[in-house]
Amino acid sequence: MTLPVDHDELAACVSCGLCLPHCPTFRVTGEEALSPRGRIAAMRIVDGGGPTDGAFERIIQTCIQCRACETACPSSVPFGRLMEGTRQALARRSVPVWQRAAYRTLAYPRLLSALTAIGAVAQRAHLVPPALSRRLALPRLPLRQPSLSPTGRDVWLFTGCVMNAWQRPVHVASMKVLGSMGVGVALPDTRAACCGALHVHAGLHDEAVRLARRCMAALPGPAPILVDSAGCGAALKDFGHLLGEEGEAFSSRVFDIHEWIATRADDLPRPKHELNGDGGLRIAVQDPCHLRHVQRAETPVRTVLARYGEVVELADEGRCCGAGGAYSALQPELAGAVRTQKVAVIAAARADVVASANPGCAMWLSAAGVPVRHPMEIVADMCGLTPATS
Ligand code: SF4
Ligand code: SF4
């Protein structure tokens with residue numbers, strides 16, 4: 001099988017192994033095959049005519065696509081693209097019908113809302129098996145969501161699928177913070193219901209392209225597009241890879257919300273109560289991989305949060321938490337082992353709250369009892385901008 005990857009990029013790995021200690025699946029298994037170097041070696045064998053058997057599927061499907069290996073690699077091997085191309089080649093047989101149907105649901109907000117409401121009722125009636133809740137890291141699903149209304153046209157806020165259905169208070173907090181800075185926020189229509197990140201990860205290339213075109217149509221004009229989900233932001237910034245120049249022009253308008261705000265930090269609202277001498281709230285920052293390794297935008301989160309408390313660094317240099325989009329549901333054992341390491345590091349930090357700018361990481365860590373909030377929620381709370389805490 002010829003893999004749909006750039007063969008110069010596939011050849012770029014010099015097998016130095018410097019990425020191995022940064023790879024979460026290698027760290028928890030110690031298996032060379034489940035390291036970036038091992039995965040690239042397996043891709044080369046298949047690309048050269050080797051078998052695409054169960055062993056190869058396991059090597060590929062157990063990758064979290066965290067891209068920590070890219071950050072560590074001195075040869076700049078674009079591992080994420082190699083993995084996406086390989087999954088695309090395997091998708092026809094490795095992505096079952098039920099999984100395709102679940103991904104398709106994400107692009108239909110009314111259907112997603114209806115399913116969320118059914119799930120919320122079932123949870124309250126204790127009809128959701130605990131094993132399923134654990135496997136999906138389900139939060140307490142909302143029966144009702146706060147409504148969002150546009151406040152202007154200075155920027156777009158990308159609202160997305162699961163985040164909009166399950167964590168809309170984060171969007172409310174983002175809009176409150178932007179509003180307090182004098183920024184008017186426009187909201188896209190339902191064509192921007194899904195950025196296609198999970199589809200890209202699964203190798204569903206054609207569906208990802210279709211969703212990308214819909215997003216672009218729903219977010220026209222020159223205004224910046226702000227994203228408060230790290231995974232969605234990474235996907236929206238990579239539309240050039242899916243759609244060429246047209247996608248690149250769109251992606252140049254996309255910013256992680258903290259990235260955009262950090263350049264205007266002096267406009268941020270002041271905290272309700274001045275910080276006391278010891279720095280106040282201890283905020284541990286969990287770096288979502290798609291913010292740190294893909295967008296390379298982990299610093300702005302700290303710039304913003306430092307105005308509201310003491311930023312506490314975790315002692316693992318931003319290692320993955322194991323969530324990985326749908327990974328935690330598809331590979332629960334490995335994901336759980338990776339999370340156990342992360343939770344231990346978080347506990348050692350003795351923080352009051354953990355800030356995570358990605359909904360998947362937040363749900364996955366919350367399911368393990370970690371007190372997680374989105375940075376925008378922390379800012380809104382500290383400034384008395386949200387009703388729950390004002
Ligand atoms: S993307 Fe993450 S899990 Fe996959 S090989 Fe690279 S470091 Fe390992
Ligand atoms: S991916 Fe990069 S860091 Fe890892 S073995 Fe290959 S060249 Fe070395």
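No hydrogens, no waters, no symmetry mates; every other heavy atom, side chains included, goes into these values. All residue numbers in this chain count up from 1 along the given sequence.
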Modelled atom types, side-chain donor and acceptor of T25 and R39, under 3.5 Å: yes
Gap between atom CZ of F26 and atom CZ of R37 - 0.5 Å precision: 7.5 Å
Ion pair check, R87 and E84, cut-off under 4.0 Å: no
Modelled atom types, side-chain donor and acceptor of T190 and R110, under 3.5 Å: no
side-chain hydrogen bond (donor to acceptor under 3.5 Å, both in side chains) involving S328 - partner list, sequence neighbours excluded: none
CA sep, side-chain torsions, deciding dist, call: L178, I261, side-chain contact (heavy atoms from CB on, under 4.5 Å): CA-CA 8 Å; L178 290 167; I261 287 178; 4.0 Å; yes
Residues, nucleotides or ligands: over 12 heavy atoms within 6.0 Å of R140 CZ: no
For P375 against V301, the heavy-atom pair lying closest together: CG-CG1, 4.0 Å
ring-ring contact (aromatic ring centres under 6.0 Å, His included) between H201 and H290, intermediate numbers included: CA-CA 12 Å; H201 285 182; H290 283 77; 5.2 Å; yes
Stepwise side-chain contact (heavy atoms from CB on, under 4.5 Å) check, I283 with V312: CA-CA 6 Å; I283 309 167; V312 181; 5.9 Å; no
Donor-acceptor side-chain pairing of Q61 and S94 below 3.5 angstrom: yes
Side chain R253, main chain A223, donor-acceptor under 3.5 Å: yes
Heavy atoms of other groups near R144 CZ, more than 12 under 6.0 Å: no
ILVMFWY cluster, W166 and Y103 together (side-chain gap under 4.5 Å): yes
Within 6.0 angstrom of E317 CD, more than 12 heavy atoms from elsewhere: no
Residues forming a ring-ring contact (aromatic ring centres under 6.0 Å, His included) with H293, sequence neighbours excluded: none
Reported OG-to-CD distance for the pair S76 and E9, which is rounded to 0.5 angstrom: 10.5 Å
Polar side-chain atom of S366 near backbone of M363 as donor-acceptor pair, under 3.5 Å: no
Basic-acidic side-chain contact under 4.0 Å: R213, E246: yes
Test log, rule side-chain hydrogen bond (donor to acceptor under 3.5 Å, both in side chains), inputs R168 and S147: CA-CA 8 Å; R168 201 176 296 164; S147 60; over 6 Å; no
Charged N-O contact under 4.0 Å between K237 and E259: yes
Euclidean distance, Q145 CD relative to H171 NE2, rounded to 0.5 Å: 9.0 Å
D316 and K342 ion-paired at < 4.0 Å: yes
Shortest non-hydrogen contact between G280 and D352, atoms and distance: O-OD2, 4.3 Å
Heavy-atom pair of closest approach, residues A89 and L3: CB-CD2, 3.9 Å
Cationic tip of R264 above W260 ring, under 6.0 Å, 45° of axis: yes
Heavy-atom neighbours of R153 CZ exceed 12 at 6.0 Å: no
Polar side-chain atom of R319 near backbone of C23 as donor-acceptor pair, under 3.5 Å: no
Same apolar cluster (I L V M F W Y, side chains within < 4.5 Å links), V285/V372: no
NZ/NE/NH1/NH2 to OD/OE distance under 4.0 Å, E31 and R58: yes
Approximate separation, where rounding is to 0.5 Å, of C66 SG and H22 NE2: 11.0 Å
F56 and I60, any side-chain heavy atoms less than 4.5 Å apart: yes
Hphob cluster co-occupancy, L268 + I257, side-chain heavy atoms under 4.5 angstrom: yes
Aromatic plane relationship, H374 with H258 - under 30° parallel, 30 to 60° tilted, over 60° perpendicular: parallel
Linked, directly or transitively: V28 and I346 (ILVMFWY side chains, under 4.5 Å): no
Within one Ile-Leu-Val-Met-Phe-Trp-Tyr cluster: L365 and L136, side-chain cutoff 4.5 Å: no
Residue pairs passing the ring-ring contact (aromatic ring centres under 6.0 Å, His included) test where at least one lies in residues 57-94, sequence neighbours excluded: none
From I225 atom CD1 to L219 atom CG, the distance as rounded to the nearest 0.5 Å: 4.5 Å
L157 side, atom CG; T151 side, atom OG1 - distance, nearest 0.5 Å: 9.5 Å
Salt-bridge contact R81-D238 (side-chain N to carboxylate O under 4.0 Å): no
Closest heavy-atom pair and its distance - M163, V170: CE-CG1, 3.3 Å
